[in-house]
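For reference, the structure is listed below as structure tokens.
Both ligands and their constituent atoms are indexed starting at 1 by order of listing.
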Amino acid sequence: MIDLSALTIAKAAAALRAKEFSSRELVEAHLSLAHEKNPSLNAYLELFEESALAEADEADKRITAGEEGSLLGIPIGVKDNILIKDKISSGGSKILATHRAVYDATVISRLREQGAVFLGRTNLDEFGMGSSTENSAYGPTKNPHDLTRVPGGSSGGSTAALAAHIALGALGTDTGGSCRQPAALCGVVGMKPTYGAVSRYGVMPLGASLNQVGEMAKTVADVETLFHAVRSHDKMDNISCDYEARRFKATPTQAKRVGVPRKFLEKGLPSDVVANFEASLARLRERGYEVVDIELPFIDYALAVYYVLLPAEISTDLARYDGMRYGVYLPGANLLKDYMRSRGEGFGKESRRRIMLGTYVLSHGYYDAYYNKARAIRQAIVSDFKRVFSGPEAVGAIATPTTAAPAFKIGEKVDDPLAMYLEDIFTVTANIVGCPAISVPSGTVDREGVRLPLGFQLMAPHFGEELMFAIAKDAEGNTV
Ligand code: GLN
């Protein structure tokens, strides 16, 4: 029996190379545990039993032929807004219930070339809108640490699968925190790459100026492996760029200096969350880091800016789902009613809320007051970050807690969208700025007698992923 709970991508790859087990055995073990756990978790919307085993056999052949690869034969879960050829791609929405992908997203082709095995498609908030995976048309995902609580979102299916040991790695998307926040709530590692580092070709659009494909796994080293595997310049995505040419180089002093926006953190965080954050900082200090206070005056506006810009972009992103081109078509009395029915019944409540919000902030008469104002403040936030990441006082990373609290109860925030939006207070900034960010498990706190995980977030300069991984590895392993 393979002990999946002790396995990481790195360990599994070494065991596959040493012929301790085959990829088929590894995938079978994952599938059988998934059959046991998924009915209560709802982490996977679908397990790709047949194709996963075929891919595993293919990987075994490559291993036998002497090929070595850090992802060869490794089972991963894929958020269901990333296209996998011939599979249903629902985006967590009813409107795409019947939509089958006709091509692979670039991140999928990259992983396929390297021999990764796609275990299944994971649950998400509809099109990535939400912080709890409760906005899925296919039912909520549960947190493996406490089934009465949310796993976070929107990539909650991916992080729940990792925490339940029914995937070794996972892909998600991160527009405002959707890989980092659920990673924190499930006790796994989740990252958002620099804007433009990873191709978005074949990924359902949500907030074109903010979104990236994020990588998730149980350790920082595994997330690094996934990131290196999917990072690429892709002519099919015009925001993707040549990473090597832009790679960030830090001085040795900067690489060992971490900044904390103290004022921003004085927001009435629970005392055990503060203590947990301080313990991670202490851990970095013990490892030779200088921890300094920094000022980011405009960061207070980040959440408001995000919830103006993102709905504006969403209102155009979601215009393509009209019942004609993709997925579900619900006929009405005439063409207009066809659209109204398909969209009215196809989209969930949060999607409709954001379409209306977005249309409002972009409308004539309000455009300058909201959308343009938010864009201007976005630039001020970007300048704040540029300042702290450059010059003689430059920090190598900015540290914050990933969330203000551990996982909340299912149903607790569904009727209070503003409370739900506050979940993203620490994560949206990296998307606004376009810099890379990662959440590392930082131990647990007690809620109603259950130990629940928290995350420690690091944000690094653009194209500074290597620097970010190095610091994250030093922060990793806090078990307070
Ligand atoms: N929770 C955020 C939102 O609802 C983040 C979404 C995301 O990153 N995809 O918009």
For [X], take its heavy atoms, then give the atoms of ligand 1 lying under 4.0 Å from any of them.
X      : value
Gly177 : 8 (O)
Gly130 : 1 (N), 2 (C), 3 (C), 4 (O)
Leu206 : 9 (N)
Gly176 : 5 (C), 7 (C), 8 (O)
Leu310 : 10 (O)
Gly128 : 6 (C), 7 (C), 9 (N)
Ser154 : 9 (N)

Of all the non-hydrogen atoms in the protein, which one sits nearest to [atom], and at what distance?
atom                    : answer
atom 10 (O) of ligand 1 : Tyr306 OH, 2.7 Å
atom 2 (C) of ligand 1  : Asp424 OD2, 3.1 Å
atom 7 (C) of ligand 1  : Ser178 OG, 2.4 Å

Parallel, tilted or perpendicular: rings of Tyr301 and Phe298 (30°, 60°):
tilted
Ser90 side chain near Leu45 side chain, heavy-atom distance below 4.5 Å:
yes
Classify the contact between Asp125 and ligand 1 as side chain, backbone, both or neither, using a heavy-atom distance cut-off of under 4.0 Å.
neither
Any idea which part of Thr427 is under 4.0 Å from ligand 1, heavy-atom wise: side chain, backbone, both or neither?
neither
Decide whether an N or O pair under 3.5 Å exists between Thr175 and ligand 1.
yes
Ignoring angles and geometry beyond distance, decide whether Asp174 reaches within less than 3.5 Å of ligand 1 through its nitrogen or oxygen atoms.
no
Shortest reach to atom 4 (O) of ligand 1 by a heavy atom, considering only Met420, Arg180, Arg354, Glu126
Arg354
Close aromatic pair by centroid cut-off 6.0 Å: [X] and [Y]:
X      : Y      : value
Tyr421 : Tyr306 : no
Phe426 : Phe264 : yes
Phe127 : Tyr321 : yes

Minimum heavy-atom separation for Ser132 and Asp125, please, with both atom names.
N-OD2, 3.4 Å
Give me the atom names and distance for the closest heavy-atom approach of Pro151 to Thr133.
CG-OG1, 4.0 Å
Any Tyr307 heavy atom less than 4.0 Å from ligand 1:
yes
Pair Glu466 + Arg231, salt bridge at N-O below 4.0 Å:
yes
Electrostatic pair Glu134-Lys142, nearest N-O below 4.0 angstrom:
no
Tell me whether Lys94 forms a cation-pi arrangement with Phe347, defined as NZ or CZ under 6.0 Å from the six-membered ring centre and within 45 degrees of its axis.
no
